[in-house]
Every structure is written in structure tokens, then in C-alpha cells.
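All remarks here apply to the structure that follows.
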Amino acid sequence: PIPSKMQQDAENFFNSKQKIKSFINQIFPYPVNEILEHKVVVFNDKKFLEVQLIGANVQKQINWITFYKNNMINILGTTLIEDFETNLPFIKKFKNSIYIK
């Protein structure tokens, strides 16, 4: 759950590049994580922050983060770096199955 003082921020989160950047730096700190890219995406009528990164120099992952009923939800697909491209079609297919009602 997110603290009550952050609930209003969560509602406006996806509209602020500064809030997104600050959030990414907090949840995926450097040098443990290397952010490759991030963007706001919408699937099944829900906004998610999609973050692709390398973690601890051994794994590559895509996180889909959203807020729902005052909770942060972080769903991710991760593999070893050398296996990522092979597994990417499955990870993308999995992403399309995410539905939060």
C-alpha cells in the first residue's frame, strides 16, 4: 500500500515527467540498476510505467508499474541478460494478458 499522503500524487503520477524520473531513481537506484528506457503505456485501459533495465549486471527486465486502490502494483518479466531477447516475445505476450479491474 502507498501512504495516504501519497495517494493524491499517485493519481497525478503519470502526468509528471519529474515525478516519474524521481520515482525511477528511488525504486531502481544506480549503480545496482542501469535504466535502459522508460515510458508510460496503456493497456486494457490502465496506465502503467514501463521500465526496462539491467539489474546487478546479470539480469535484464521489464517492469510494469501502476497504482490501484491505493496500492502500487509492480509486475515484471526478467531473465538473464543473454536470454532476454529469446524470451522477449513471451514477455510481451504476457504483458498483453495483464488486466486489472
Side-chain angles (χ1 to χ4, degrees):
I2 58 175
S4 59
K5 66 180 183 175
M6 293 180 62
Q7 291 173 7
Q8 183 66 31
D9 286 341
E11 291 177 21
N12 298 315
F13 174 78
F14 295 103
N15 300 322
S16 172
K17 290 180 182 181
Q18 182 179 0
K19 286 181 184 180
I20 289 172
K21 186 172 182 164
S22 176
F23 177 80
I24 289 171
N25 290 335
Q26 289 176 22
I27 198 166
F28 305 113
Y30 182 84
V32 175
N33 300 288
E34 176 189 348
I35 305 301
L36 302 174
E37 68 177 328
H38 70 277
K39 59 187 173 185
V40 175
V41 296
V42 177
F43 44 93
N44 294 322
D45 298 321
K46 188 79 178 143
K47 286 185 179 181
F48 289 80
L49 174 61
E50 182 178 280
V51 182
Q52 192 172 130
L53 62 96
I54 294 175
N57 290 322
V58 296
Q59 68 184 29
K60 193 168 181 182
Q61 65 190 53
I62 299 178
N63 293 66
W64 297 284
I65 301 167
T66 196
F67 300 95
Y68 181 72
K69 294 187 177 181
N70 300 323
N71 290 283
M72 183 185 89
I73 299 170
N74 182 9
I75 302 166
L76 69 118
T78 185
T79 70
L80 294 173
I81 292 171
E82 60 269 12
D83 297 331
F84 187 78
E85 293 304 320
T86 302
N87 290 301
L88 188 57
F90 170 78
I91 292 169
K92 287 181 176 180
K93 185 176 179 182
F94 171 78
K95 173 186 83 169
N96 293 328
S97 73
I98 297 170
Y99 180 74
I100 298 173
K101 55 180 177 171

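Residues: numbered from 1 along the sequence shown. All values reported here derive from a predicted model rather than from experimental measurement.
- When the side chains of ILVMFWY residues are joined at heavy-atom separations under 4.5 Å, either directly or via intervening members, Phe94 and Leu80 end up in two distinct hydrophobic clusters.
- Linking ILVMFWY side-chain heavy atoms closer than 4.5 Å, directly or via other members, places Ile54 and Leu88 in two distinct hydrophobic clusters.
- Among residue pairs with one or both ends in residues 71-98, those qualifying as side chain to side chain donor-acceptor pair (under 3.5 Å) are Asn63-Asn74; sequence neighbours excluded.
- Scanning both residues, Lys47 and Val42, for their nearest heavy atoms gives CG-CG2, 3.8 Å.
- Note on Ile62 and Ile98: same hydrophobic cluster, where clusters join Ile, Leu, Val, Met, Phe, Trp and Tyr whose side-chain heavy atoms are under 4.5 Å apart, directly or indirectly.
- Applying the side-chain contact (heavy atoms from CB on, under 4.5 Å) criterion to Ile73, with sequence neighbours excluded, gives Thr66, Tyr68, Ile75, Ile100.
- Nearest heavy atoms, Met72 versus Ile65: CG-CG2, 3.8 Å.
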List the atom pairs, with distances to 0.1 Å, where a side-chain N or O of residues 23-37 and a protein N or O form a donor-acceptor pair under 3.5 Å, not counting sequence neighbours.
residue : atom : partner : partner atom : Å
Asn25   : ND2  : Lys21   : O            : 3.3
Gln26   : NE2  : Ser22   : OG           : 3.4
Asn33   : ND2  : Pro29   : O            : 3.2

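- Pairs passing the salt bridge (charged side-chain N to carboxylate O under 4.0 Å, His left out) check and including a residue from residues 22-33, sequence neighbours excluded, do not occur.
- In this structure, Gln52 and Phe84 approach most closely via the heavy-atom pair OE1-CE2, 4.1 Å.
- Here the CZ-CZ distance, from Phe14 to Phe48, works out to 8.0 Å after rounding to the nearest 0.5 Å.
- In terms of the ring pair (Phe, Tyr, Trp, His ring centres under 6.0 Å) criterion, residue partners of Phe67 (sequence neighbours excluded) are, by chain and number, Phe13.
- Applying the salt bridge (Lys or Arg N to Asp or Glu O under 4.0 Å) criterion to Lys69, with sequence neighbours excluded, gives no partner residue.
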